[in-house]
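One structure below.
A quick note: this is a predicted structure, and the numbers were derived from the prediction, not measured. In this chain, residues are counted from 1 in sequence order.
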Amino acid sequence: MKKYKVLNKKGGCLIGMLISLSIFVVVIVGGTVTLINQTPKTLGVADVKFFKDVDLTELGLADIKIKDIFGQFKILSKSDTSQVVANPFDSNVETKKAEDNLGSALPKTPSGETDFTAILNKPIVFKKEYLTEYNDTTLAYIFNKIIAQTNSKSTTEEGFVFLKNINANIDEISITGSGKDFKLRVVLSINSNVISEQIKATLGAMSTFIKVPDVIYMVSYMAITADNDGKIVATGEGLKINDAESVLANAIFKMLSKIAFENGFENNDTDINIISGMLGNAFSGVIANLGKVGTATVGINNVVLVKNLGAQGITEHKLSIITNKAV
């Protein structure tokens with residue numbers, strides 16, 4: 001995958017786009033019925049630059065009726081956590097599970113917390129190879145801690161820098177399937193309540209037409225397996241906003257890509273592929289630093305005697321990982 005330069009921005013990029021687009025839609029909706037039944041192209045505004053030098057043609061909205069764009073905004077405003085997050089994690093439970101597997105091998109932060117960002121920098125090693133098991137809820141907790149503890153200026157892992165810069169949290173990681181057919185579902189949330197007052201101030205009385213939800217969810221779907229070296233291979237299969245099909249979803253992914261990446265794209269890249277690729281690379285990279293996916297015959301204290309690397313280490317809601325051994 002091509003390396004993209006991730007701009008060092010402090011969140012708000014997705015919300016900024018939504019505010020700008022909402023202003024445009026509300027102004028049009030404030031017009032006549034004739035206007036809302038037309039498209040940006042027929043109204044002659046499809047090529048007007050309205051945010052970060054991006055127009056509605058580039059966002060794929062030029063031929064969508066104004067009323068349909070507005071309708072999609074109304075759907076977007078009804079994000080429901082219970083309908084999107086199917087496999088949440090409990091930090092109180094997962095903290096102990098994560099530290100049982102990793103605590104002795106990770107450094108501490110100045111405040112005395114386990115420093116999970118160490119997993120980004122290099123493989124975590126032990127004196128011996130051990131067979132460890134990670135529930136997907138434990139992995140979600142670990143990934144969320146990495147984002148929370150990461151300073152986007154101090155890591156080059158572009159997936160985590162990207163997530164940090166859009167103020168994302170990991171709400172769910174789910175591993176489901178059987179045999180050799182497993183799927184990975186990752187749910188990210190982006191908090192938007194901090195800009196509620198900005199929307200009201202910008203739209204004034206028209207703010208009653210647009211309700212931006214407190215949280216917007218990005219849901220990534222991937223197929224996953226593990227190769228003979230025990231390395232996770234993740235292939236993107238879909239990316240949605242609030243886990244729903246929407247013409248606005250593609251526009252949002254386009255804007256995220258335009259804001260997050262400075263060097264442009266290769267011709268065969270799409271915005272969804274870029275973002276999915278970054279998420280997949282971030283997941284496989286962290287797992288590789290935890291160890292190798294596979295099964296093993298073990299002795300006392302789960303010390304590995306005979307190992308068998310590969311996809312058999314992936315099971316429903318769980319990864320079996322053989323730790324890296326210090327050389």
Side-chain angles (χ1 to χ4, degrees), residues 1-3 87 97-98 100-102 104-106 116 118-143 146 155-160 170 172-186 220-239 268-269 272-327:
M1 177 182 171
K2 178 181 176 181
K3 290 287 185 179
N87 185 36
K97 291 182 179 179
D100 283 347
N101 280 348
L102 283 167
S104 63
L106 297 179
F116 288 96
I119 304 171
L120 288 179
N121 301 323
K122 60 184 179 180
I124 305 304
V125 298
F126 294 80
K127 292 181 179 179
K128 298 178 180 180
E129 288 184 317
Y130 297 94
L131 179 62
T132 57
E133 291 187 342
Y134 287 87
N135 293 337
D136 50 12
T137 49
T138 308
L139 293 173
Y141 168 79
I142 290 172
F143 274 73
I146 291 174
T155 181
T156 58
E157 208 308 308
E158 59 184 7
F160 281 97
I170 301 288
E172 175 185 343
I173 289 178
S174 286
I175 299 169
T176 56
S178 61
K180 295 183 178 180
D181 184 19
F182 281 90
K183 306 297 182 184
L184 176 69
R185 183 177 189 262
V186 181
S220 174
Y221 291 91
M222 305 177 217
I224 60 167
T225 187
D227 62 23
N228 292 334
D229 294 320
K231 183 178 176 64
I232 285 286
V233 179
T235 306
E237 292 191 334
L239 197 61
N268 62 346
D269 276 341
I272 290 177
N273 284 345
I274 292 168
I275 296 172
S276 293
M278 294 182 76
L279 295 177
N281 288 344
F283 183 80
S284 61
V286 165
I287 299 303
N289 282 347
L290 293 178
K292 300 175 178 63
V293 175
T295 57
T297 302
V298 299
I300 298 173
N301 295 326
N302 284 331
V303 173
V304 171
L305 301 177
V306 180
K307 59 189 175 185
N308 188 13
L309 303 180
Q312 60 274 11
I314 306 174
T315 54
E316 184 86 354
H317 293 296
K318 188 178 297 183
L319 289 183
S320 295
I321 297 176
I322 298 168
T323 60
N324 300 301
K325 182 181 177 181
V327 179

Answer whether the closest heavy-atom distance between the side chains of Asn228 and Leu309 falls below 4.5 Å.
no
Looking only at non-hydrogen atoms, find the nearest pair between Tyr221 and Arg185 and report the distance.
OH-NE, 3.1 Å
Minimum side-chain heavy-atom gap Asn101-Thr138 below 4.5 Å:
no
Nearest 0.5 Å please: distance from the CG atom of Asn135 over to the OH atom of Tyr141.
14.5 Å
Looking at OG1 of Thr297 and NZ of Lys307, how far apart are the two atoms once the value is rounded to the nearest 0.5 Å?
12.5 Å
Between Ala118 and Leu106, which heavy-atom pair has the shortest distance, and what is it?
CB-CD2, 4.0 Å
Taking the side chain as everything from C-beta on, heavy atoms only, tell me whether Glu316 gets closer than 4.5 Å to Thr176.
yes
How far does CD1 of Ile142 sit from CD1 of Ile119, to the nearest 0.5 angstrom?
5.5 Å
Considering only heavy atoms from C-beta outward, does the side chain of Leu139 approach that of Leu290 to under 4.5 Å?
yes
In the structure I gave you, are the side-chain heavy atoms of Met222 and Thr235 within less than 4.5 Å of one another anywhere?
no
Separation between CG (Leu120) and CZ (Phe160), nearest 0.5 Å, reads 5.0 Å
Can you name the nearest heavy-atom pair linking Gly294 to Ile322, along with the distance?
C-CD1, 4.5 Å
Where the side chain of Thr323 meets the backbone of Tyr130, is there a donor-acceptor pair that is under 3.5 Å apart?
yes
Indicate yes or no for a side-chain donor-acceptor contact from Asn324 to the backbone of Asn289 under 3.5 Å, with no hydrogens or angles considered.
yes
Looking only at heavy atoms, what is the nearest atom pair of Ser284 and Ile232, with distance?
CB-O, 3.3 Å
Nearest 0.5 Å please: distance from the NZ atom of Lys127 over to the OG atom of Ser104.
10.0 Å
Using every non-hydrogen atom in the two residues, find where Ser276 and Gly238 come nearest and quote the distance to one decimal.
OG-O, 4.4 Å
Here the pair of heavy atoms bringing Ala105 nearest to Phe126 is CB-CZ, 3.6 Å
Residues forming a side chain to side chain contact (heavy atoms under 4.5 Å, CB included) with Asp136, sequence neighbours excluded
Asn87, Ile173, Ser174, Ile175, His317
Atom CD1 in Ile314, atom NZ in Lys183: separation rounded to 0.5 Å?
11.5 Å
Can you check whether Phe143 reaches Val186 side chain to side chain, under 4.5 Å on heavy atoms?
no
For the residue pair Ile224 and Val233, establish whether any side-chain heavy-atom pair is separated by less than 4.5 Å.
no
Should the heavy atoms of other residues, nucleotides or ligands under 6.0 Å from NZ of Lys128 be counted, would the total exceed 12?
no
Using a 3.5 Å distance criterion without hydrogens, assess whether the side chain of Thr132 forms a donor-acceptor pair with backbone atoms of Ile321.
yes
Side chain to side chain contact (heavy atoms under 4.5 Å, CB included) with Asp229: which residues, sequence neighbours excluded?
Asp227
